Amino acid sequence: MLEISGVCKCYGQHEVLRDVSLTIGQEIRVIIGLNGSGKSTLLKIIAGILAADAGQVVLNGRDVSALPPEERRVGYVPQHPALFSHLIVRENVRYGLRGGRGSDELVQKVVKMLDLEDVLERKPEELSGGYKSRTSLARALAPQPQVMLLDEPLSDIDVAIKEKLLPEFREVLKFLKVPVLYVTHDPWEAEQIGDSFSVMVDGCIRDIASAEEAFAFIRKNRIEVA
Amino acid sequence: MRKNLIDVVFVPLFLLLVVFPVAALLLNLDGKGIERTLADEMFWRSVVNTIFAALAAALLCTVLAAGFGYYHLFKQHSIVYKVANLLNDLPIALPHTVAGLALLLAFGRKNFGFIGETGLAFTLTAVVLAMFFVSYPLAARAIASGVDRMEREVVDVARTLGDTPAQAYFKVVLPVMGEALFSGFVLAFSRSLSEFAAVVMFGGNLPGSTQVLASYVFTKVEEGELEMAVTASAFCIMLSLLIVALLGLRRLKWRHA
Ligand SMILES: Nc1ncnc2c1ncn2[C@@H]1O[C@H](COP(=O)(O)OP(=O)(O)OP(=O)(O)O)[C@@H](O)[C@H]1O
Ligand SMILES: [Mg+2]
């Protein structure tokens, strides 16, 4: 269970997040919003990479708002895979295994589900875009995080490959049974992967019934803003 | 084709102000000067001193610069970082005699008299410290720009995977800083080879013990041994070209990696 309440964030005069509250259980919640609406900022605040000006992040009943990222147990998958280029795929995937986090069993399972068995000894630079994304996801999943945060993880990937990857991603994310926040711009991708949807406009978030409605909502509000 | 203004102004000025002095030096080389210099034990000692002290200084620079990189990445708002950053720019405008004097006052007889009559001053250690002082900012900047070029998300991910800032720095930042660390090292090494004022102020110019190539050339000119000064200078030019080539070679390697 991930509960976010009253999160605010300003950069100088610019209010990037305004009183954001959101509660999700073991579901894949897709966040849809225009460029600059504050989606990445929200994920970074949940991960502890950025500090919020106000508000709480509660993970499975524990208030983690004051904890640094290394103590939060979140899985973070940024837009570009951001792999550790000096380590092979196996070392990337196992990077977060320490102090009782994750297990060999889970690693094996994730590696199998994401079809990484044959590339484990390769360096990231030798991988195609699709395999880089898979590795980035596997690396975040392996330490068994309590929440998964994915920030447009497939935006660099060709549609044809995306089509193959999305069901795989959904399956492995479901397997972990944790709350998942998944940010995307792509309506089709949103429908494919999401259980439920939120829309973000100008730093405000709200639940919405479907991806289609989310985009309709954005279109309407953008016109009002413009 | 009509020449533009830049060709008309740049080329002659460049030839006159940069190429001509180097050529003048090389044209003044003569066999007897070369022979006498190569036979001079003090020349070879100054070569060894220069290379040894510059290597030690560059190493020290790189280690400290790596520390600065950590502050640059994680602690930009700390006082330590702000002071360190300010002091990085200082030696550029500072006459190096001033740097030498500062070192003399800090590590000389007054504070370090317990080590010897002159403290650390006028020893090879002093030469290393003087070279370090003027070269360190170059290394620090090389690392900082390397850190800036790195993908910030890599560090963010390492943190969410359980790394403290220091762990992330050692495990995922420094391992990919090869090129930045190497250029920092080579820049610091080159700067150290060329240092004269700070070295002479703090390390002295004792033939055979603290004399470096820069001060050897100075001494030979003072003694009126112009041919020997010219030979030593040509040697310096060769050394510099070697380093530039080295830097180019390594850049090439990293680009292809
Ligand atoms: N370090 C920063 N300093 C100042 N402003 C920032 C900073 N980081 C982000 N912003 C601003 O905050 C706003 C929200 O940024 P954010 O990256 O969260 O948006 P986003 O919804 O993820 O957009 P995108 O879809 O383009 O990824 C943007 O207007 C951006 O310009
Ligand atoms: Mg974003």
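Keep in mind that the numbers below use all heavy atoms, side chains included, and drop hydrogens, waters and symmetry copies. On a predicted model such as this, the values are computed, not experimentally measured, just so you know. Proteins get letters first, then strands, A, B, ... in listed order; numbering begins at 1 in each.
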Options Asp163(B), Asp156(B), Val176(B), ranked by heavy-atom pairs under 4.5 Å with chain A, top entry: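 Counting heavy-atom pairs under 4.5 Å, the top option is Asp163(B).
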Intermediate values then yes/no, side chain to side chain contact (heavy atoms under 4.5 Å, CB included), Phe84(A) and Val157(B): CA-CA 9 Å; Phe84(A) 306 134; Val157(B) 169; 4.2 Å; yes
Contact class of Val154(B) relative to chain A, heavy atoms under 4.5 angstrom: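 Interface part for Val154(B): both.
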Counting heavy atoms not belonging to [X], are there more than 12 under 6.0 Å from its [atom1]?
{"X": "Phe52(B)", "atom1": "CZ", "result": "no"}
{"X": "Leu17(B)", "atom1": "CG", "result": "yes"}
{"X": "Leu241(B)", "atom1": "CG", "result": "yes"}

Heavy-atom pair count under 4.5 Å with chain B, highest-scoring of His80(A), Arg72(A), Arg73(A), Arg98(A):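 Ranked by heavy-atom pairs under 4.5 Å with chain B, first place is Arg98(A).
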Greatest number of heavy atom pairs closer than 4.5 Å to chain B - which of Gly96(A), Pro68(A), Pro69(A), Ala47(A):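 Highest number of heavy-atom pairs under 4.5 Å: Pro69(A).
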Salt bridge (Lys or Arg N to Asp or Glu O under 4.0 Å) contacts touching residues 25-39 of chain A (sequence neighbours left out):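 Qualifying pairs: Glu27(A)-Arg29(A), Arg29(A)-Asp207(A).
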Residues of residues 99-120 of chain A within contact distance of chain B, non-hydrogen under 4.5 Å: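 Checking residues 99-120 of chain A against chain B gives Arg101(A).
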Per-residue contact mode, Leu97(A) against chain B (heavy atom under 4.5 angstrom):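 Interface part for Leu97(A): neither.
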cation_pi(Lys171(B), Tyr95(A)) dist<6.0 Å, angle<=45: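 Checked: cation-pi criterion met.
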Beyond-backbone contact of Leu161(B) with Pro143(A), side-chain heavy atoms, under 4.5 angstrom: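 Touching, per the 4.5 Å side-chain cut-off.
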Beyond-backbone contact of Thr160(B) with Glu70(A), side-chain heavy atoms, under 4.5 angstrom: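 With C-beta onward as the side chain, the pair stays apart.
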Partner residues of Tyr81(B) under the ring pair (Phe, Tyr, Trp, His ring centres under 6.0 Å) criterion, sequence neighbours left out: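 Partners of Tyr81(B) by the ring pair (Phe, Tyr, Trp, His ring centres under 6.0 Å) criterion, ordered by chain and then number, come out as Phe68(B), His72(B).
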Glu153(B): salt bridge (Lys or Arg N to Asp or Glu O under 4.0 Å) partners, not counting sequence neighbours: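 Residues passing salt bridge (Lys or Arg N to Asp or Glu O under 4.0 Å) with Glu153(B): Lys44(A).
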